[in-house]
Amino acid sequence: MGRSPVSLSKLKLGKLKVVRRQLLQRYEHQPFISCLAGLYGCQWKRYQRARAQPGECCCSKLECGSFGILILTFCLTLVFLYFWSEAQNDYNDFDWFNFGNLGFWFPWSVVLLVIAAVLFTYIAILLVLAVCLLSEGQRLYLHWSHKIGILVTLTFSISATAVLSDLWSKEWKTLLLSFQVTAPFLHVGGVSLMTLLSWPIALHFFRMNKRVRQVAIVGLYLAVLFTLYLVPLGMYSPCIKEEGTLGPPPALIGHRGAPMLAPENTQLSFEKAVEAGGEGLETDVTISYDGVPFLMHDSTLRRTTNVQEVFPNRTDTPAAMFTWNELEMLNAGAWFLSRDPFGTASSLNPDDQVRAQNQTVPTLRDFLDLAAAHGKLVIFDLHRPPSGHPYRDTWINRTLEVLHNESSINSSQVLWLPAEQRDMVQELDPSLQQTSGSKASIEELQENHIVRLNLHYSSMSQEQISKYASVNIGTNLYVISQPWLYSLAWCAGAQSVTTNAPHILRNLHRPLFLMTPEEYSLMWILTDVVSSVLIAVVFVFHWWRERGLPFWSGSRQTHENGPYSKFRTAELSDVWSISSVSVRGEFRSLPTTPNLPTPPNLPTISEQPEPVV
């Protein structure tokens with residue numbers, strides 16, 4: 001026999017009341033909380049921990065200070081990890097800097113990155129545990145071993161940041177540049193994190209009975225939140241541009257060849273750069289004691305040759321003080337396989353490994369002939385010989401002599417970078433592409449016949465690049481090996497970049513980040529609106545639950561601190577949670593225990609046995 005409409009209506013209403021009641025209840029998941037408290041404070045037993053009762057602070061003053069230091073450490077460690085991860089473009093320079101000071105090779109940059117990542121992960125896990133405990137209404141207690149770990153991490157972050165800022169301050173410019181690519185995604189991540197934090201913030205806000213604490217916690221939270229909401233208003237990126245305004249990708253110039261695939265400044269390295277699609281080759285030129293221009297970046301031969309084995313007493317002798325016969329005796333490739341500066345030596349096939357092992361110091365003539373054979377541009381730094389060198393005053397003339405009389409390259413393929421005696425060079429060979437290593441006014445550049453600037457990537461500016469391009473002065477940026485930096489140079493309008501990784505950048509067919517202003521505005525406005533709605537819902541929900549809205553129609557809740565029934569367990573401990581409960585009647589009495597009065601007009605909360613299957 002079917003049920004009457006009235007019975008069905010009552011049944012549906014009853015189910016709705018149960019659902020609503022369940023939303024208002026706070027369930028304590030003992031295994032979950034035991035895991036959280038055990039990992040955070042080594043409180044694996046239930047009797048070792050306590051809930052934060054309504055109106056109480058979530059922790060003692062000492063634990064509150066520990067939690068504050070944890071947040072500070074998280075922020076500083078995050079800043080350092082982001083700073084160092086974005087500095088990967090210059091890891092090779094950092095490692096060779098340490099080689100020059102310590103005398104031995106070690107990948108310090110990668111080790112530092114791993115340490116920073118491990119410490120940040122550790123601190124992030126502690127912070128997540130603390131937030132989860134707060135979300136469950138538990139009082140915080142941080143174990144002493146974690147307090148030591150936090151102090152160690154804080155000390156490391158501050159010390160590492162201070163040392164790198166002193167020795168390598170230019171990397172902060174790289175950090176600022178990175179925001180032009182990552183800021184939109186950091187904004188979304190930051191807003192999402194603040195939205196998740198709204199749950200414990202709202203919970204403790206409505207449970208506090210001191211107005212000062214309420215104002216402090218919500219005021220700080222809203223200040224950070226609204227700052228994140230408004231950050232995009234001050235964001236600038238050349239990759240936010242109107243559709244159809246993106247120019248061609250910058251040409252790739254191999255920095256000392258392709259140093260990730262072969263020993264730098266060797267014939268094999270330049271061949272690899274040509275194979276990788278480089279449109280130009282960059283190197284450094286020094287003149288031997290007997291007048292042979294050869295390729296060497298450093299002032300000594302210690303880093304990239306076996307001079308210590310062949311000439312052990314001349315390890316620190318300037319490279320220019322060796323004759324060409326002596327330079328021919330040196331191996332310029334074995335170090336690449338043994339030190340593996342980019343971690344790429346294992347990617348070479350057996351034939352290339354054998355070739356790399358037997359590379360020698362090349363001459364400028366060999367370099368120019370290779371570029372001429374493949375129709376590549378060349379650009380090189382020319383190091384003046386030290387005092388007492390026979391070619392101390394004629395080093396430029398000797399270089400031009402090789403360029404004009406001993407090599408097969410066309411002068412128009414050469415980007416002439418040396419600033420010394422530029423007028424004389426321009427007069428002798430007007431076909432050379434005069435290139436300046438520093439910025440100047442347009443008038444001054446044109447007066448010196450400059451057709452290209454060779455600038456460090458940290459000075460990248462879309463406005464200046466466009467200004468120089470308007471008078472046919474191109475811009476080459478060095479050294480760019482990371483795809484995000486190449487994307488930024490592409491969006492800024494650079495004509496070419498000098499790179500250690502032509503084989504990687506040639507596969508980038510579109511900037512990593514490219515948006516129209518309309519798409520970006522929609523992205524950040526939608527993020528802020530969704531976040532604000534979710535946060536409002538969370539606060540309303542906690543207000544509804546904590547302020548004791550009625551469980552069902554016609555009922556009356558009397559507890560002033562919210563819809564929780566306080567009852568005493570056999571261990572005489574106070575518990576502010578209910579689990580697997582049901583309401584039996586509005587005026588039914590609670591089970592009595594000694595010295596515990598039965599409150600009037602309070603619904604009975606009792607456990608229901610599980611049904612037997």
Side-chain angles (χ1 to χ4, degrees), residues 96 99 105 254-259 261-274 281-339 341 345 348 351-374 376 378 380-392 394-409:
W96 285 125
F99 173 83
W105 169 261
H255 182 236
R256 307 172 200 168
L261 304 177
E264 67 177 63
N265 278 336
T266 62
Q267 201 77 356
L268 178 61
S269 182
F270 297 116
E271 291 175 3
K272 289 292 184 182
V274 171
L281 303 172
E282 185 272 349
T283 189
D284 308 270
V285 177
T286 301
I287 299 180
S288 69
Y289 195 78
D290 52 351
V292 177
F294 65 98
L295 309 187
M296 184 60 57
H297 173 269
D298 298 358
S299 60
T300 69
L301 302 168
R302 185 164 64 105
R303 182 173 67 88
T304 58
T305 71
N306 61 340
V307 65
Q308 194 166 6
E309 299 175 7
V310 181
F311 302 103
N313 297 325
R314 302 174 65 187
T315 301
D316 296 322
T317 301
M321 302 305 287
F322 286 79
T323 65
W324 177 244
N325 287 335
E326 292 172 333
L327 292 170
E328 285 186 304
M329 299 169 61
L330 300 176
N331 183 296
W335 67 272
F336 177 79
L337 298 177
S338 61
R339 293 170 183 160
L348 299 181
D351 291 339
D352 285 338
Q353 289 187 10
V354 172
R355 291 187 63 195
Q357 181 75 30
N358 296 292
Q359 289 296 296
T360 58
V361 178
T363 64
L364 174 62
R365 175 183 174 179
D366 295 334
F367 169 74
L368 295 177
D369 287 343
L370 185 147
H374 294 91
K376 304 299 181 182
V378 298
F380 53 83
D381 285 310
L382 181 58
H383 302 299
R384 186 177 185 182
S387 300
H389 193 283
Y391 291 87
R392 165 76 175 174
T394 57
W395 86 106
I396 289 182
N397 287 17
R398 177 68 186 116
T399 303
L400 289 174
E401 183 180 342
V402 172
L403 183 67
H404 294 146
N405 303 328
E406 300 178 20
S407 71
S408 57
I409 197 168

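- At least one donor-acceptor pair closer than 3.5 Å links the side chain of Gln359 to the backbone N or O of Leu268.
- In this structure, Arg314 is positioned above the aromatic face of Phe322, its NZ or CZ under 6.0 Å from the six-membered ring centre and within 45° of the axis.
- Residues Trp105 and Ser338 fail the side-chain proximity criterion, which asks for heavy atoms closer than 4.5 Å.
- With sequence neighbours left out, the side-chain contact (heavy atoms from CB on, under 4.5 Å) criterion links Val354 to Asn358.
- Contact annotation: the side chain of Thr399 approaches that of Phe380 to within less than 4.5 Å [non-hydrogen atoms, C-beta and beyond].
- The shortest side-chain heavy-atom distance between Leu301 and Phe311 does not fall under the 4.5 Å cut-off.
- By the 30° and 60° cut-offs, the orientation of the rings of His389 relative to Tyr289 is perpendicular.
- Inter-residue side-chain proximity for Lys376 and Phe270 is flagged as unmet; no heavy-atom pair is nearer than 4.5 Å.
- Closest non-hydrogen pair, Ser269 versus Pro263, comes out as CB-O, 3.0 Å.
- Contact annotation: the side chain of Pro386 approaches that of Met321 to within less than 4.5 Å [non-hydrogen atoms, C-beta and beyond].
- Asp298 and Thr300 form no side-chain donor-acceptor contact under 3.5 Å, judged by distance and modelled atom types alone.
- Judged by distance alone, with hydrogens and angles left aside, the side-chain atoms of Asp369 form a donor-acceptor pair with the main-chain N or O of Ser408 at under 3.5 Å.
- Taking the six-membered ring for Trp and thresholds of 30 and 60 degrees, Trp96 and Trp335 have ring planes more than 60 degrees apart, a perpendicular arrangement.
- Annotation for Glu309: atom CD does not count as buried by contact number, only 12 or fewer foreign heavy atoms lying within 6.0 Å.
- Within the 4.5 Å cutoff, the side chain of Leu370 has heavy atoms near those of the Leu281 side chain.
- Open room surrounds CD on Gln308; 12 or fewer heavy atoms of other groups in view lie less than 6.0 Å from it.
- Taking both residues in full, the closest heavy atoms of Arg303 and Arg339 are given as O-NH1, 2.6 Å, listed atom of the first, atom of the second, then distance.
- In this structure the side chain of Leu295 reaches within 4.5 angstrom of the side chain of Val285, judged on heavy atoms.
- Scanning both residues, Thr266 and Pro362, for their nearest heavy atoms gives CA-CG, 4.1 Å.
- When all heavy atoms of Leu348 and Phe336 are compared, the closest pair comes out as CD1-CE2, 3.8 Å.
- Between the side chains of Thr394 and Asn397, no donor-acceptor pair of N or O atoms lies under 3.5 Å.
- Counting heavy atoms from C-beta on, the side chains of Val378 and Ile409 come closer than 4.5 Å.
- Contact record, Asn331 with Gln357: ND2-O, 2.7 Å, taken as the closest heavy-atom pair.
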